[in-house]
Amino acid sequence: MVLLPDPPAESLPRLTRSFCRRDTVTVARALLGQLLVRRLKDGTRLSGLIVETEAYLGPDDRAAHTYNHHRSPRNQSMWGPAGHAYVYFTYGMHHCMNVVTRDEHCPQAVLIRALQPIEGHQAMRLLRQPNPAKPLPNDTNLCSGPAKLCKAFAIARALDGIDLITSDELWLERARTRALPNKNIAVGPRIGIQSSGDWADKPLRFAVRGSPYISRPSGFTKT
DNA sequence: ATGACGATTTACT
DNA sequence: GTAAATCGTCATA
């Protein structure tokens, strides 16, 4: 089982806009092992290593919110520059967060699906608060899904469109210089998009191989 | 104005 | 394994 090492306690250099502007699959892979950081209003710092991502490839991608060039107030962040957040609300109760990739008017993004909690476990637990009488059994479930991590990080529509490169509320830090080697990346079809025809089968989900912090251990077809 | 639909999670059989 | 929760968004009228 491959556990990622904890990054140093002090803050790391940020990921750049150039990092995010690259090919979306490349970014989805390169984000694995990098740190998502949140500063709450009260100053609390939360962070987690990214262990699972999905690539959404724009107008051609039937599973993407920008399929067939669909553009609306909801998804306009995907049409903007790389390095901004696309946060959407779904199922009447959940938020999910993406990192926008490529150039402006090329509406692609990487969905962040799971994190390995690093800083602020206690605050995250309070934010998740599934049932105060029945606390979460362990930290592997804290951020093991796209909506769970948004809840734990207090990420909602108010943060949609935020610039992850310059923001002091939500940003990305470089926890590893080299991309995770391919042999340590599990690859499979994306989750929850079964009605998307042939795009449902494409290998656009990426995870740190063997990590206990991912949303679902099954479904991976290759490295 | 109305109805169908989620890039999900949780509880329950 | 299945089902319920719950509502913003968008297409249609």
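Note: hydrogens, waters and symmetry copies are ignored here, and every other heavy atom, side chains too, is used. Here the structure is a predicted model, which is why all the values come from computation and not from measurement.
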Peer 1: How does protein reach along nucleotides 8-13 of chain B, written 5' to 3' as B (base within reach of a heavy atom under 4.0 Å), S (only sugar-phosphate), or - (no contact)?
Peer 2: BSS---
Peer 1: Find the distance A:Arg62:CZ to B:dG6:C1' and express it as a whole number of Å.
Peer 2: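 The answer, rounded to whole Å, is 14 Å.
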Peer 1: Salt bridge or not for A:Asp160 and A:Arg74, using N-O below 4.0 Å?
Peer 2: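 Looking at A:Asp160 and A:Arg74, the cut-off is not met.
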Peer 1: At under 4.0 Å between heavy atoms, what does A:His65 touch on the DNA or RNA strands: base, sugar-phosphate, or nothing?
Peer 2: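 Base, at least one base heavy atom under 4.0 Å.
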Peer 1: Who pairs with A:Thr140 by side-chain hydrogen bond (donor to acceptor under 3.5 Å, both in side chains), at least two apart in sequence or on another chain?
Peer 2: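 side-chain hydrogen bond (donor to acceptor under 3.5 Å, both in side chains) list for A:Thr140, sorted by chain: A:Asn138.
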Peer 1: Looking only at side-chain N and O atoms, does A:Thr166 offer a donor or acceptor that is under 3.5 Å from a partner on A:Asp163?
Peer 2: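 Side-chain D/A pair, A:Asp163 to A:Thr166: present.
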Peer 1: What is the distance, to the nearest angstrom, from the CZ atom on A:Arg205 to the C1' atom on B:dA7?
Peer 2: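 Going from A:Arg205 (CZ) to B:dA7 (C1'), I get 12 Å.
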Peer 1: So which of residues 19-28 of chain A are in contact with DNA chain B, with a heavy-atom cut-off of under 4.0 Å?
Peer 2: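 The answer is none.
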Peer 1: Give a yes or no on whether a salt bridge exists between A:Lys202 and A:Asp61, defined as a side-chain N under 4.0 angstrom from a carboxylate O.
Peer 2: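 Here A:Lys202 does not pair with A:Asp61 in a salt bridge, since their nearest N and O are not under 4.0 Å apart.
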Peer 1: Less than 6.0 angstrom from the centroid, inside 45 degrees of the normal: does A:Arg22 satisfy that with respect to the ring of A:Phe19?
Peer 2: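 Yes, A:Arg22 lies over the aromatic ring of A:Phe19.
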Peer 1: By the 4.0 Å heavy-atom rule, please label A:Met97 as base, sugar-phosphate, or nothing.
Peer 2: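 The answer is nothing, as A:Met97 stays clear of every strand by at least 4.0 Å.
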Peer 1: Could you tell me the separation between the CE atom of A:Met78 and the P atom of B:dA7, rounded to a whole number of Å?
Peer 2: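 After rounding, the gap between these two atoms is 12 Å.
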Peer 1: Round to the nearest Å and state the distance from A:Lys151 atom NZ to B:dA7 atom C1'.
Peer 2: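 A:Lys151 atom NZ is separated from B:dA7 atom C1' by 19 Å.
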Peer 1: Do A:Gln116 and A:Ser211 have a side chain donor and acceptor closer than 3.5 Å?
Peer 2: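 No - no donor-acceptor pair under 3.5 Å links their side chains.
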Peer 1: Classify the nucleic acid contact of A:Arg190 as base, sugar-phosphate or nothing, counting any heavy atom under 4.0 Å across all strands shown.
Peer 2: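 No contact at all - A:Arg190 keeps every heavy atom at 4.0 Å or more from the nucleic acid.
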Peer 1: Taking CZ from A:Arg157 and C1' from C:dG8, how many angstroms apart are they, rounded to a whole number?
Peer 2: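 One finds 9 Å between C1' of C:dG8 and CZ of A:Arg157, rounded.
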Peer 1: Under the side-chain contact (heavy atoms from CB on, under 4.5 Å) rule, collect the residues that match up with A:Ser18, sequence neighbours excluded.
Peer 2: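 Result, side-chain contact (heavy atoms from CB on, under 4.5 Å) vs A:Ser18: A:Thr16, A:Arg21.
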Peer 1: Specify the separation, in whole Å, of atom OH of A:Tyr56 and atom P of B:dG6.
Peer 2: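 For the pair A:Tyr56 OH and B:dG6 P, the rounded distance is 13 Å.
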Peer 1: Write out all pairs satisfying ring-ring contact (aromatic ring centres under 6.0 Å, His included) with one or both partners inside residues 162-207 of chain A, taking only residues at least two apart or from two chains.
Peer 2: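 The answer is none; no pair qualifies.
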Peer 1: For the pair A:Arg45 and A:Glu119, find out whether any cationic side-chain nitrogen is under 4.0 Å from an anionic carboxylate oxygen.
Peer 2: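 Looking at A:Glu119 together with A:Arg45, the answer is yes, because their closest N to O distance falls below 4.0 Å.
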Peer 1: Can you tell whether the side chains of A:Glu54 and A:Arg113 come within less than 4.0 Å, N to carboxylate O?
Peer 2: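 Result for this pair is yes, salt bridge flagged.
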Peer 1: Under a 3.5 Å cutoff, is there a donor and acceptor pairing between the side chains of A:Asn182 and A:Arg29?
Peer 2: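 Their side chains do contain a donor-acceptor pair, which is all the 3.5 Å distance test asks for.
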Peer 1: Only Watson-Crick and G-U wobble pairs, only distances under 3.5 Å, only runs of 3 or more: what stems does that leave for DNA chain B?
Peer 2: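 So far as stems of 3 or more pairs are concerned, DNA chain B shows B:1-6 with C:7-12, B:8-12 with C:1-5.
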Peer 1: Could you give the NE2-to-P distance, from A:His95 to C:dG8, as a whole number of Å?
Peer 2: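 Taking atom P of C:dG8 as the reference, NE2 of A:His95 is at 10 Å.
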